[in-house]
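Okay, structure first, notes after.
Every number for a ligand or one of its atoms is a count from 1 in the order of the listing. Excluded from the calculations below are hydrogen atoms, water molecules and symmetry mates; all remaining heavy atoms, backbone and side chain alike, are included.
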Amino acid sequence: MAVCTVYTTQSLNSTCSISTPTKTHLGFHQKQVVFYSTGKRTSKRGSSSSGGPCVITCSAVDSQTVVIGLAADSGCGKSTFMRRLTSVFGGAAEPPRGGNPDSNTLISDMTTVICLDDYHSLDRTGRKEKGVTALDPRANNFDLMYEQVKALKSGVAVDKPIYNHVTGLLDPPELIKPPKILVIEGLHPMFDERVRDLLDFSIYLDISNEVKFAWKIQRDMAERGHSLESIKASIEARKPDFDAFIDPQKQYADAVIEVLPTQLIPGDNEGKVLRVRLIMKEGVKHFSPVYLFDEGSTLSWIPCGRKLTCSYPGIKFHYGPDTYFGNEVSILEMDGQFDRLDELIYVESHLSNISTKFYGEVTQQMLKHADFPGSNNGTGLFQTIVGLKIRDLYEQITTSKTATPLEATKA
Ligand SMILES: Nc1ncnc2c1ncn2[C@@H]1O[C@H](COP(=O)(O)OP(=O)(O)OP(=O)(O)O)[C@@H](O)[C@H]1O
Ligand SMILES: O=C(CO)[C@H](O)[C@H](O)COP(=O)(O)O
């Protein structure tokens, strides 16, 4: 059996292929390929089962998958956020072609969004029999989630299970290939420490109970015909597990979008006018928080007047440094809503570090999706900005690595 050894100082996060006169084994996950590190030099070693001479080629950069985690309770705007994010990268996101019509996965040129509901280990009947909710870790397979996210991050395709929300059953798996950007969205992206450590950036959508209730009524009553009582009962039934297993994840998030009732209308809890806070952790690699006017200062800004049309109750911004779960953060807050989206350019021009590629890109994105929920308030604005920051983070991560040809030697 011929043995090939490649010496390189590059990262092992690479797609390598071993060519023999008769066969090509693609991917370093193949059993016959062995990788190990020796001191400063990283050595990759592969063997050819066909007995001929072999050559190993590795491309270190192309296979880099950047992993983003998005956590939120059900019905809290994850899908809307994902649509804004994929739009920043261009191209529409669609379910895998020719696959299960009830797949939860969305694929675009740059991104693959997988829904972590697919790692439910108990189906709907199983949860009912055991008396656990989908939020309970006992209803989810974190070992498999970890193994598969790790594999995708290192460039290896996986057969991911599918949780079918229509039937409540676990369907046969679907093949997921490593994308440029993998988004894992759902209830628990930051729950398991091993999965958390794989994330290059994490976001938590923190929707206050009052607003969650208002959104649920709007969707489940108006669009799905549920009764007010059943909506209340479903929120109440989920609350203990939400508090125990979902909400604590926000302490780990690099960015939190907090959605609260407005303070501009005293006593308001209708959930129509919103106070939205973008909480951004300081010191996160490849992420520099957005600021208003002057980085690190504390200030309030009412932009309404000659350049921004505001009807009652107006718009108020606040910006400043703070602490959040013991971490240093910057918080940008917007209370109120826009009357005219094209005038958002006035607000955009006062924001810095927004990672746009041209003047007015935030406004352009917001206008493009003016029909998405939250386009007239801070939820849409901050989701769009976070989308641009993720694009920037991806570009920084991928351009900070350089590919060097590897030297192959026959042992
Ligand atoms: N920013 C927003 N402003 C107002 N309403 C919103 C906003 N985001 C979401 N909603 C409401 O919440 C509903 C659910 O939004 P979305 O489908 O994006 O959430 P989700 O977290 O993906 O839900 P699920 O997990 O149940 O699929 C929307 O139909 C809409 O009624
Ligand atoms: O919290 C959820 C995540 O979106 C769902 O409730 C969970 O996936 C269970 O699904 P189903 O409603 O099909 O029983």
Between [X] and ligand 1, which part of the residue brings a heavy atom under 4.0 Å of the ligand: side chain, backbone, both or neither?
{"X": "Pro373", "value": "both"}
{"X": "Lys78", "value": "both"}
{"X": "Thr80", "value": "both"}

Can you give me the closest heavy-atom contact between Gly75 and Arg219, atom names plus distance? CA-NH2, 3.8 Å
Per-atom contacts, ligand 2 versus [X] - under 4.0 Å to a heavy atom:
{"X": "Ala134", "result": "7 (C), 9 (C)"}
{"X": "Asp117", "result": "3 (C), 4 (O), 8 (O)"}
{"X": "Arg124", "result": "11 (P), 13 (O), 14 (O)"}

Using distance alone, determine whether Asp73 and ligand 2 share an N or O pair under 3.5 Å. no
Counting heavy atoms only, which of Ser375, Ala72, Gly75 is nearest atom 23 (O) of ligand 1?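 When every heavy atom of Ser375, Ala72, Gly75 is considered, Gly75 comes closest to atom 23 (O) of ligand 1.
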Could you work out, for atom 16 (P) of ligand 1, the closest of Gly77, Ala214, Cys115 by heavy-atom distance? Gly77
Going by the angle between their ring planes, with limits at 30° and 60°, are [X] and [Y] parallel, tilted or perpendicular?
{"X": "Tyr346", "Y": "Trp301", "answer": "tilted"}
{"X": "Phe201", "Y": "Phe287", "answer": "tilted"}
{"X": "Phe191", "Y": "Phe245", "answer": "perpendicular"}

Answer whether the closest heavy-atom distance between the side chains of [X] and [Y] falls below 4.5 Å.
{"X": "Ile176", "Y": "Thr105", "value": "yes"}
{"X": "Ile203", "Y": "Phe81", "value": "yes"}
{"X": "Leu393", "Y": "Ile68", "value": "yes"}

Using a strict 4.0 Å cut-off to heavy atoms of [X], name the atoms of ligand 1 that fall inside it.
{"X": "Gln218", "result": "31 (O)"}
{"X": "Gly374", "result": "1 (N), 2 (C), 3 (N)"}
{"X": "Ser79", "result": "17 (O), 18 (O), 20 (P), 22 (O)"}
{"X": "Thr379", "result": "1 (N), 2 (C)"}

Can you tell me which residue and heavy atom of the protein come closest to [atom], and the distance to 0.1 Å?
{"atom": "atom 1 (O) of ligand 2", "value": "Arg238 NH2, 2.7 Å"}
{"atom": "atom 9 (C) of ligand 2", "value": "Arg127 NH2, 3.3 Å"}
{"atom": "atom 2 (C) of ligand 1", "value": "Trp215 CZ2, 3.3 Å"}
{"atom": "atom 8 (O) of ligand 2", "value": "His120 NE2, 2.7 Å"}
{"atom": "atom 11 (P) of ligand 2", "value": "Tyr163 OH, 3.5 Å"}

Checking side-chain contact (heavy atoms from CB on, under 4.5 Å) between Thr356 and each of Leu351, Thr363, Leu388, which is the one that passes? Leu388
I'd like to know whether the aromatic ring centres of Phe142 and His188 sit less than 6.0 Å apart in this structure. yes
Is the shortest distance from a Lys or Arg side-chain nitrogen in Arg238 or Asp241 to a carboxylate oxygen in the other one below 4.0 Å? no
I'd like to know if Lys285 pairs up with Asp200 as an ion pair, taking the criterion as any Lys NZ or Arg NE/NH1/NH2 lying under 4.0 Å from an Asp or Glu carboxylate oxygen.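 No.
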Return yes or no for this condition: an N or O of Arg219 is under 3.5 Å from an N or O of ligand 1.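 Among all N and O atoms of Arg219, at least one is under 3.5 Å from an N or O of ligand 1.
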Proximity of Leu187 to ligand 2 by residue part, where a heavy atom lies under 4.0 Å: side chain
Applying the salt bridge (Lys or Arg N to Asp or Glu O under 4.0 Å) test to Glu395, which of Lys180, Lys389, Lys357 qualifies? Lys357
